[in-house]
Amino acid sequence: MHQWSRTLIPTTREAPKDAEVPSHVLLHRAGFIRPVGAGIYDYLPLAHRTINKISAIVREEMEAAGASELLMPALEPFELFKDTKRDEAYGDNLFRVMDRKKRMNALAPTHEEVITELMRGCISSYKQLPLNLFQIQTKFRDEARPRAGLLRCREFLMKDAYSFHSKLEGPGGLNETYDAMYAAYTNIFTRCGLDFSAVEAESGPIGGSASHEFMVNCASGEDTVLKCKASGYAANVEKCEIGPRKAPSAGYFVGEPTGTLEEVHTPGLPGIEDVAKHMKVKPENMLKTIVFKVESTPEEKAKFGEEWIIAVVRGDHDVNEGKVRDISGCKIALADPKEAEAKGFAIGFVSPRAAVGKAGVLLLVDRDAAVGFDDAKGKSMFWVTGGDKKDYHIKHFNWVRDFGKDPLAAQAHAADKGYAQGGLRGGDKYLVVGDVRNALAGDPSPRAAGSNLETGRGIEVGHIFKLGTKYSEAMGLQVPDEKQQRSTVIMGCYGIGVSRTMAACVEMSHDENGILWPVALAAYHVVLTIMDVGSARQQAEAKQLATQLSAQGLDVLIDDRDERPGVKFKDADLIGIPVRLVLGDKALDAGGVEFKLRKDTQGKGGVVAMGEVVAAVVGAVNG
RNA sequence: CAGGGUGUAGCUCAGCUUGGUAGAGCGUCUGGUUUGGGUCCAGAAGGCCGCAGGUUCAAAUCCUGUCACCCUGACCA
């Protein structure tokens with residue numbers, strides 16, 4: 001049991017002006033955190049207690065799933081990152097520290113390199129695998145823009161686990177451990193009392209194997225999630241597939257021109273919305289073109305030369321970079337404007353015509369943009385797109401007339417296949433129709449015919465990932481297998497943002513008076529509010545009750561501050577303790593104390609007889 | 001990294017346009033008052049006006065530079 005007057009809970013009436021999101025405001029006001037620098041925070045006693053509770057749950061479930069805890073250093077020699085090239089991949093996000101010998105070190109953003117190096121020296125046989133090791137430790141990332149309090153920090157607490165396998169399938173394989181981690185994460189976030197979803201996530205260009213994110217469902221979340229109720233499919237928008245869309249009845253691209261091609265001067269209009277407004281059309285009548293540069297290896301460049309990809313989607317849609325990458329089969333990056341303009345692309349004003357007659361340019365057209373006839377309206381489509389020169393757009397773009405019938409005809413087979421695989425190196429193709437945009441609410445489900453996707457927002461608190469051999473390959477982690485062949489170890493990694501989980505919980509669960517902690521994460525289960533601290537009787541009763549509650553394994557906070565009742569009630573609500581017991585003369589005279597749950601916002605609760613209080617609190621806490 | 005904004009008391013902010021030597025509310029401390037949802041009254045302490053240059057008789061205020069923090073975007077295993 002702790003006394004409020006003997007610990008540090010600096011509640012405030014107002015939050016700092018720069019705090020905007022609820023978790024930031026409330027964690028500050030409730031005395032959980034204080035800023036130290038950009039994206040760096042003090043974790044005060046309440047926060048520390050809550051974080052310890054999250055950590056304890058994580059530990060239990062990780063151990064139960066067969067993982068062992070260890071602790072690796074946060075400070076690492078910089079050379080470690082060279083083998084995996086993550087000194088470059090992380091770029092400025094990697095904190096660099098020069099030591100007295102002028103040697104460069106890194107503050108670890110994550111520990112793949114360290115643990116792979118560790119394993120290289122510790123295991124020498126496939127018989128020692130599988131292994132799953134985890135730690136709970138402070139991570140450092142020099143984020144370009146830390147924001148939203150604890151949700152995006154430069155220093156934060158993370159549980160990171162790494163598993164090692166000699167095979168993918170079967171007992172002891174990566175897939176088995178991955179599934180075990182999926183189950184463990186589900187247990188962890190369920191026990192934390194969070195409303196969450198496990199969703200398919202973008203697994204990046206390496207390997208293309210499975211990856212799931214665990215998202216706390218919350219309208220203020222940074223990530224967009226799509227779900228199909230019928231099939232249970234759920235995915236991050238970065239990853240979400242779109243089910244078969246209805247093909248245009250007349251065929252792709254086919255439609256009569258809606259008028260003669262007309263150039264319009266559109267200077268100083270930065271966004272598609274502005275251009276649409278200026279040209280008096282809807283964004284859905286515009287074609288949005290995004291230019292990507294293929295990032296080839298030197299060998300590829302020698303063979304294929306410089307390569308570009310132009311993705312075309314409807315103006316009200318967004319290009320999905322992962323889908324462009326997957327369909328083209330190329331590593332890509334948004335084109336550098338200067339470089340692209342040198343190639344003849346008027347960035348910001350590119351139309352599909354820009355691809356015509358240029359070698360090494362692939363045009364990827366989203367299915368919704370690859371039409372010329374509006375079936376719903378029963379007439380040809382009206383398209384506005386770039387004018388292929390600075391500050392100009394064109395009206396009445398028609399695919400067949402203005403892009404060219406021959407190139408379209410040559411690709412009819414690709415369009416019919418729908419999700420055509422192709423691209424620059426698939427032959428002579430330079431136009432492919434497919435799914436290259438972000439999914440939206442109402443889009444067809446990719447897993448259940450006739451069902452539609454729904455959207456929600458989420459905060460990513462966990463991410464599990466099949467790494468494959470990315471790190472073991474780069475760092476030479478191999479063990480001999482049954483046949484005495486050296487084989488590269490297969491890895492998985494599994495992260496949980498512990499400090500972010502605390503903040504996400506507040507985002508998910510608060511009201512106008514403060515935080516509502518789930519019992520499992522509450523810094524204290526119960527707060528005893530002493531009405532008159534000058535009353536020896538109230539003090540004695542409080543102490544006795546607190547002792548009884550503590551004996552039941554409950555965490556008890558006694559508000560023994562010499563404050564007016566109103567102040568104490570406000571603070572109790574603010575810091576969000578699930579159960580409040582008020583010790584005042586009125587209730588004591590009636591032989592009890594006042595019992596109120598934080599989630600019951602109305603009224604002041606009822607009097608519970610002294611002999612039944614402990615059972616009542618235990619009952620409330622247990623569920 | 002680009003664009004925008006802000007740095008004045010522990011917190012929220014006013015003062016700056018039009019230079020004249022520092023203000024309010026909340027919080028803190030003292031005394032009184034009050035005592036079931038952030039009482040009321042009186043008094044007090046508390047500031048290198050982010051930092052460094054410059055202009056001026058005089059700078060929180062004008063100029064230059066710099067640092068820090070925040071917002072939007074880019075970025076984000």
Side-chain angles (χ1 to χ4, degrees), chain A residues 10-21 24-25 28-29 31 34-40 81 84-86 89-94 108-113 115 139-149 151-154 156 158 160-162 201-207 211 213 222-223 236 238 270-271 321 333-334 336-337 460 462-467 470-471 491-497 500 512-514 529-535 538 559 561-574 580 582-587 593-594 596 601-605 607:
Chain A
T11 59
T12 61
R13 214 187 281 233
E14 286 173 297
K17 63 166 185 239
D18 49 35
E20 298 205 339
V21 300
H24 190 189
V25 171
H28 185 103
R29 285 193 54 213
R34 284 295 183 267
V36 176
I40 308 172
F81 287 90
T84 54
K85 297 204 169 74
R86 288 217 298 178
Y90 256 103
D92 290 337
N93 269 18
L94 198 59
T110 171
H111 279 75
E112 281 85 359
E113 285 86 357
I115 201 160
K139 293 286 187 285
F140 299 88
R141 291 182 197 178
D142 197 0
E143 293 281 351
R145 189 151 92 78
R147 68 187 90 176
L151 289 174
R152 184 168 296 282
C153 288
R154 296 199 296 167
F156 57 97
M158 180 172 175
D160 49 325
Y162 307 89
E202 175 60 44
S203 51
I206 320 289
S211 169
E213 288 168 337
E222 270 191 319
D223 292 287
N236 192 310
E238 292 167 2
E321 200 172 321
L334 213 55
D336 174 66
E460 179 191 351
H463 197 162
I464 58 177
F465 201 104
K466 294 184 187 176
L467 280 179
K470 180 182 175 185
Y471 294 93
M491 294 172 59
C493 74
Y494 319 93
I496 290 179
R500 181 187 275 184
E512 67 278 11
N513 293 318
T529 303
I530 299 175
M531 290 297 297
D532 176 9
V533 291
S535 159
Q538 290 179 21
D559 190 351
R561 294 174 300 165
D562 185 12
E563 290 287 353
R564 294 171 55 83
V567 173
K568 296 190 185 191
F569 295 148
K570 285 283 187 192
D571 274 348
D573 284 352
L574 182 60
R580 188 184 80 196
V582 180
L583 290 97
D585 283 339
K586 284 181 202 162
V593 297
E594 187 184 306
K596 181 178 172 298
T601 49
Q602 299 301 317
K604 59 177 194 174
V607 174

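Letters A, B, ... mirror the listed sequences (proteins, then strands); counts begin at 1.
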ask   = Distance between the P atoms of A60(B) and C49(B), in whole angstroms?
value = 7 Å

task = Could you list the residues that satisfy side-chain hydrogen bond (donor to acceptor under 3.5 Å, both in side chains) with Tyr162(A), not counting sequence neighbours?
result = Thr110(A), Asp160(A)

message = If the condition is side chain to side chain contact (heavy atoms under 4.5 Å, CB included), which residues does Ala587(A) pass it with, not counting sequence neighbours?
response = Val607(A)

query = Between Ile530(A) (CD1) and G36(B) (P), how many Å, whole number?
reply = 16 Å

key: For C69(B), the Watson-Crick or wobble partner whose two distances fall under 3.5 Å   = G5(B)

message = Give me the distance, rounded to whole Å, that separates C62(B) from U6(B) when you measure between the P atoms they each carry.
response = 12 Å

inquiry  = Please enumerate all residues that pass side chain to side chain contact (heavy atoms under 4.5 Å, CB included) together with Ala144(A), with sequence neighbours excluded.
reply    = none

query = Can you tell me how far P in G65(B) sits from the matching atom in G5(B), rounded to whole Å?
reply = 16 Å

ask   = What residues, two or more places apart in sequence or in another chain, satisfy ring-ring contact (aromatic ring centres under 6.0 Å, His included) together with His111(A)?
value = none

query = What's the NZ-C1' distance between Lys596(A) and G36(B), to the nearest Å?
reply = 13 Å

key: By side-chain hydrogen bond (donor to acceptor under 3.5 Å, both in side chains) - contacts of Arg29(A) (at least two apart)   = none

inquiry  = Applying a 4.0 Å non-hydrogen cut-off, can you work out what Pro35(A) is touching in the nucleic acid: base, sugar-phosphate, or nothing?
reply    = nothing

message = Any base atoms under 4.0 Å from Arg29(A), or only sugar-phosphate, or nothing? Heavy atoms, all strands.
response = base

task = Please examine the side chains of Arg147(A) and Glu222(A), heavy atoms only from C-beta on, and report whether any two atoms are closer than 4.5 Å.
result = yes

inquiry  = If the threshold is 4.0 Å, N to carboxylate O, is there a salt bridge linking Lys470(A) and Glu112(A)?
reply    = no

request  = Could you please name the partner base of U35(B), counting Watson-Crick and G-U wobble pairs only when both distances are under 3.5 Å?
outcome  = none

Check the interface with nucleotides 70-75 of chain B: list each N/O to N/O pair with the protein under 3.5 Å, or write none.
residue: C71(B); atom: OP2; partner: Arg145(A); partner atom: NH1; Å: 3.4
residue: U72(B); atom: OP2; partner: Arg145(A); partner atom: NH1; Å: 3.3
residue: U72(B); atom: OP2; partner: Arg145(A); partner atom: NH2; Å: 2.6
residue: U72(B); atom: O4; partner: Arg145(A); partner atom: NE; Å: 3.2
residue: A74(B); atom: N6; partner: Arg147(A); partner atom: NH2; Å: 3.3
residue: C75(B); atom: N4; partner: Arg147(A); partner atom: NH2; Å: 3.4

ask   = Below 4.5 Å, heavy atoms only, C-beta onward: do Leu151(A) and His24(A) meet side chain to side chain?
value = no

ask   = Starting at the 5' end of RNA chain B, which residue's closest nucleotide do you reach first, Thr110(A) or Arg154(A)?
value = Arg154(A)

task = For Pro109(A), enumerate each residue passing the side chain to side chain contact (heavy atoms under 4.5 Å, CB included) test, keeping only those at least two apart in sequence or located in another chain.
result = Phe81(A), Tyr90(A), Leu94(A), Arg141(A)

key: Atom pair distance, as rounded to whole Å: CG in Asp562(A) and C1' in G38(B)   = 15 Å

request  = Sequence neighbours left out, what passes ring-ring contact (aromatic ring centres under 6.0 Å, His included) with His463(A)? Give chain and number order.
outcome  = Phe465(A)

query = If you measure from the P atom in U34(B) to the same atom in U39(B), how many Å do you get, rounded?
reply = 15 Å

key: nucleotides 25-35 of chain B: protein proximity per nucleotide (B base, S sugar-phosphate only, - neither; heavy atom, under 4.0 Å)   = BSS------BS

request  = Mind calculating the distance between CD (Gln538(A)) and C1' (G36(B)) to the nearest angstrom?
outcome  = 11 Å

Report all interatomic pairs (protein N or O, nucleotide N or O of nucleotides 44-47 of chain B) with separations under 3.5 Å.
none

Same-atom distance (P) from C26(B) to G43(B), integer angstrom = 14 Å

key: Residues that Arg561(A) engages under side-chain hydrogen bond (donor to acceptor under 3.5 Å, both in side chains), provided they are two or more places apart   = Asp559(A), Asp571(A)

request  = Look through every strand shown and name the nucleotide pairing with U28(B) as Watson-Crick or G-U wobble, where both distances are under 3.5 Å.
outcome  = A44(B)

message = Pair Val582(A), Lys596(A) - check side-chain contact (heavy atoms from CB on, under 4.5 Å), show working.
response = CA-CA 8 Å; Val582(A) 180; Lys596(A) 181 178 172 298; over 6 Å; no

query = Taking CD from Glu594(A) and C1' from G36(B), how many angstroms apart are they, rounded to a whole number?
reply = 8 Å

query = Of Asp573(A) and Gly495(A), whose nearest nucleotide on RNA chain B comes first from the 5' end?
reply = Asp573(A)

ask   = Considering only the P atoms, how many Å lie between C57(B) and G19(B), rounded to the nearest integer?
value = 15 Å

ask   = Roughly how far apart, to the nearest Å, are A44(B) and U8(B) at atom P?
value = 26 Å

task = Look at all strands and tell whether Asp571(A) reaches a base, only sugar-phosphate, or nothing, counting heavy atoms closer than 4.0 Å.
result = base

task = For A14(B) and U61(B), measure between their C1' atoms and round to the nearest Å.
result = 14 Å

Nearest-angstrom distance from the residue atom CG of Leu574(A) to P of G37(B) = 18 Å

note = Rounded to whole Å, CZ of Phe465(A) lies from P of C76(B) at a distance of 13 Å

Residues forming a side chain to side chain contact (heavy atoms under 4.5 Å, CB included) with Asn236(A), sequence neighbours excluded = Val199(A), Glu213(A), Met215(A), Asp223(A), Glu238(A)

